[in-house]
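Following: one structure in structure tokens, then a few remarks.
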Amino acid sequence: MDNMNQDNMNPNMKATPHGAAPTPQAATYAANGAAQAGTYAGNGATKAARYSVVPSPQALTWEERYQPKEDIETLNFREKMASKLGLASLIYALFSTFCIYDNWAGITMPLFAIGSLIYMVYGLKQYDIKIKKYGWFYGAVIIALALSNFLTGNLALHFFNCTGIILLIFTFLLHNVYDDSRWNFSKTTFAIIESFFCSIGALSDYTKDMKVLKKRKAEHTVEKNHTFKYILIGLLISIPLVAVLLTLLSQADMIFGDLLKTYFRFKFDFDNAFGIAITFAVLYFGSYCVLRFFSKKTINEEVIEKRNMEPVIAITVLSIVSVIYLLFSVIQIVYLFWGGVKLPEKYTYAEYAREGFFQFLAVSIINFLMVLFVNKHFRENVVLKVLMTIISICTYIMIASSCMRMLLYIDAYLLTFLRVLVLWGLAVLSLFFIAVIISIYKNDFPLFKYCVVVVSILYLFLSFSHPDHVIADYNLSNIAGKDAKANISCDYDYLTNLSTDAAPVIAQYDGEWVREYFLNNSEFYRNRSIRQFNLSYYTAKVLSETK
């Protein structure tokens, strides 16, 4: 029986004696069976996992659902920006709107500059950025420009001061956020332009930051996390409520209404409400976007060396230019300086000075840009450096010639604000070319920083000297000795249109033109509130009462 069972078995499945080694066929089938068992076990596990219970999207945290898009660290940073920088921007916008709305020359202007500096320092602190030593120089100039606005009544200076404040704000941020120690003049200039326009793109970051804050506040119900939300809601409710109440109360009591108009100069009507809202929106979104842009550090710090052009090309061009400049300089020295400064025939002082200045100014700017370009893009060469030095020296002769022409013009037709700017611009150019010559032989010379320091110091000197005061004093002191009587009335007409800075000088004289001067400036010093208090306007108001 046992033999029959063995004979009926599959030949490949014959039993082996106990303890004997299995045949190869048996080992193969055993391995196949184990593999199949593992496959079925794996499929079963997959099916079990497929049909097992997983958390619903509602059960996942907000970070887990959106983690594939942005990591936790980025989300935490966005929440930090929305809460801390968002609240700081809100406070800054409210404070700045109060300071500068319809008021670029008031006593609140220096407060605005100080507030802007505090806001920037606080914003950079959120990025763990410390203020560099040279950065405080930029901050001091910003405050000085704002103080100049409060002290002067010259509208042109107001414009220059505000423009300088904006440029220095971006320069301050660039210097502290980036390593600009190796940046050249063009790199820094383009970085300022890039940061100014690219900050607009940070509006998308503002939207994302606020979404992160909103999502997280919806998930975390801790009371302290709602502080920013409650403050914002309270402010939004209080602004229209306060406007309505002040409007009603000012109409109900004339004394209270006059108090608001006299000391705060806020008229609660639609036009002013719209203007205040626009000013607040620009300051709020603008300040947030600017600092948010600098948090990303998207500007490339590396200065790419491009001095790979063949110097023979530049040598050929500059050689021709140098010959022309040398010939021109010889003529200027022999004719203008040694020739007793005689005017050519059929030339008036006005034609000679105006033509000379504007042409020389254009040539000086071309020389400045040309030397910077050659020094940046062409390989170093001794001959090339000598030619650039010759061009720079010839530029000094042109500056001197232009200065002589302008002094001739001033001697004939006295001072104006434009002529003062001409002399100031020539002084700036002369100091610029000192740095240009140094940069020719020293590639790592900080040309941009040097130019900022020179312009800042010379401009602050110009602004705080009150040019209109100097003009009035010079013209009135010299006008009696002039032979050109036909021009005297014209000079008086010009004096009557000077700013309030000239009031201390003009108040010393009598005549119809003096009364006309104070009448022309009365709109600046009448009905000004405490917020709009300006020292120059106030001085003119006090002096006008004596006339």
Side-chain angles (χ1 to χ4, degrees), residues 133-134 137-138 140-141 144 160 164 167-168 171 175 180-189 192 303 307 314-315 317-319 321-322 324-326 328-330 332-333 336-337 356-378 380-407 420-465:
K133 292 182 180 180
Y134 195 76
F137 171 79
Y138 294 131
V141 176
F160 294 147
L167 292 176
L168 284 173
T171 307
H175 174 68
D180 61 345
S181 57
R182 296 182 62 251
W183 288 11
N184 51 37
F185 190 90
S186 59
K187 172 66 176 179
T188 309
T189 302
I192 293 174
V303 179
R307 303 189 67 174
I315 291 174
V317 176
L318 295 187
S319 298
V321 174
S322 298
I324 296 174
Y325 282 179
L326 287 172
F328 182 84
S329 298
V330 169
Q332 295 299 302
I333 293 173
L336 186 63
F337 301 136
F357 167 71
F358 288 110
Q359 274 83 354
F360 284 145
L361 178 62
V363 171
S364 299
I365 294 175
I366 291 173
N367 292 346
F368 181 75
L369 297 177
M370 181 170 55
V371 172
L372 290 182
F373 180 83
V374 171
N375 204 31
K376 178 181 178 182
H377 293 280
F378 288 87
E380 288 195 36
N381 184 280
V382 177
V383 177
L384 193 58
K385 289 183 177 181
V386 172
L387 290 174
M388 288 191 290
T389 305
I390 292 173
I391 290 175
S392 299
I393 294 174
C394 290
T395 305
Y396 270 107
I397 297 176
M398 297 177 188
I399 291 174
S401 177
S402 181
C403 183
M404 291 290 292
R405 293 163 188 260
M406 186 51 61
L407 290 177
V420 172
L421 287 181
V422 166
L423 296 177
W424 179 85
L426 293 174
V428 171
L429 278 175
S430 63
L431 293 178
F432 273 12
F433 271 93
I434 293 177
V436 168
I437 295 175
I438 295 175
S439 65
I440 292 173
Y441 298 94
K442 187 178 180 181
N443 294 327
D444 59 348
F445 181 77
L447 181 60
F448 182 84
K449 290 182 180 179
Y450 172 88
C451 291
V452 170
V453 172
V454 168
V455 172
S456 298
I457 294 176
L458 291 185
Y459 177 76
L460 289 176
F461 175 78
L462 173 70
S463 182
F464 280 94
S465 66

Next item on the list: Identify, with sequence neighbours excluded, every residue that meets ring-ring contact (aromatic ring centres under 6.0 Å, His included) alongside Phe378.
Entry: none
Check: Do Ile440 and Leu384 have side-chain heavy atoms sitting under 4.5 Å apart?
Finding: no
Notebook entry, point to check: Considering only heavy atoms from C-beta outward, does the side chain of Asn443 approach that of Asn375 to under 4.5 Å?
Noted result: yes
Next item on the list: Look at the side chain of Asn184 and the backbone N and O of Lys376, then say whether any donor-acceptor pair between them is shorter than 3.5 Å.
Entry: no
Note to self: Quick one, Val363 with Tyr325, criterion side-chain contact (heavy atoms from CB on, under 4.5 Å). Give me CA distance, side-chain angles, the key distance, then yes/no.
What the structure shows: CA-CA 10 Å; Val363 171; Tyr325 282 179; 3.4 Å; yes
Check: Just by modelled atom types, is the Ile434 backbone N or O under 3.5 Å from a matching donor or acceptor in the Tyr396 side chain?
Finding: yes
Check: Of all heavy-atom pairs between Thr395 and Ser364, which one has the smallest distance, and what is that distance?
Finding: CG2-OG, 3.8 Å
Notebook entry, point to check: Side chains of Asn367 and Ser392: closer than 4.5 Å at any heavy-atom pair?
Noted result: no
Check: Between atom CD1 of Ile365 and atom CG of Leu429, what is the distance when rounded to the nearest 0.5 Å?
Finding: 6.5 Å
Check: How about Tyr459 and Val428: do any of their side-chain heavy atoms sit closer than 4.5 Å?
Finding: no
Margin query: Rounded to the nearest 0.5 Å, what separates atom OG in Ser465 from atom CG in Leu460?
Written below: 10.5 Å
Notebook entry, point to check: Do Val374 and Val317 have side chains that get closer than 4.5 Å, going by heavy atoms?
Noted result: no
Next item on the list: Please check if the side chain of Tyr134 supplies one atom and the backbone of His175 the other of a donor-acceptor pair under 3.5 Å.
Entry: no
Next item on the list: For residues Tyr441 and Thr389, determine if any side-chain heavy atom of one lies less than 4.5 Å from a side-chain heavy atom of the other.
Entry: yes
Next item on the list: Measure the spacing between OG of Ser322 and CG of Leu387 and express it to the nearest 0.5 Å.
Entry: 4.5 Å
Item checked: Residues in side chain to side chain contact (heavy atoms under 4.5 Å, CB included) contact with Thr189, at least two apart in sequence or another chain -> Phe185, Ile193, Phe448
Item checked: Pairs where residues 381-394 contributes a residue and the test salt bridge (Lys or Arg N to Asp or Glu O under 4.0 Å) is met, not counting sequence neighbours -> Glu380-Lys385
Checklist line | Nearest-0.5 Å distance that lies between atom CG in Leu447 and atom CH2 in Trp183 | finding: 15.0 Å
Next item on the list: Check whether any side-chain N or O of Trp424 sits under 3.5 Å from a backbone N or O of Leu462 as a donor-acceptor pair, and report yes or no.
Entry: no
Item checked: Flag side-chain contact, heavy atom, 4.5 Å: Cys451 against Phe432 -> yes
Next item on the list: Dump the intermediate steps for side-chain contact (heavy atoms from CB on, under 4.5 Å) on Tyr138 and Val452, then the final yes or no.
Entry: CA-CA 9 Å; Tyr138 294 131; Val452 170; 3.5 Å; yes
Check: So do the side chains of Asp444 and Arg182 get within less than 4.5 Å of each other, counting heavy atoms only?
Finding: no
Notebook entry, point to check: Minimum heavy-atom separation for Ile391 to Met370, with atom names?
Noted result: CD1-CE, 4.0 Å
Notebook entry, point to check: Between atom CD1 of Ile393 and atom CE of Met398, what is the distance when rounded to the nearest 0.5 Å?
Noted result: 12.0 Å
Notebook entry, point to check: What distance do Ile315 atom CD1 and Asn381 atom CG have between them, rounded to the nearest 0.5 Å?
Noted result: 4.0 Å
Next item on the list: Describe, in one word, how the ring planes of Phe373 and His377 are oriented to each other, choosing from parallel (under 30°), tilted (30 to 60°) and perpendicular (over 60°).
Entry: tilted
Check: Do side-chain atoms of Ser402 reach the backbone of Ile399 as a donor and acceptor pair under 3.5 angstrom?
Finding: no
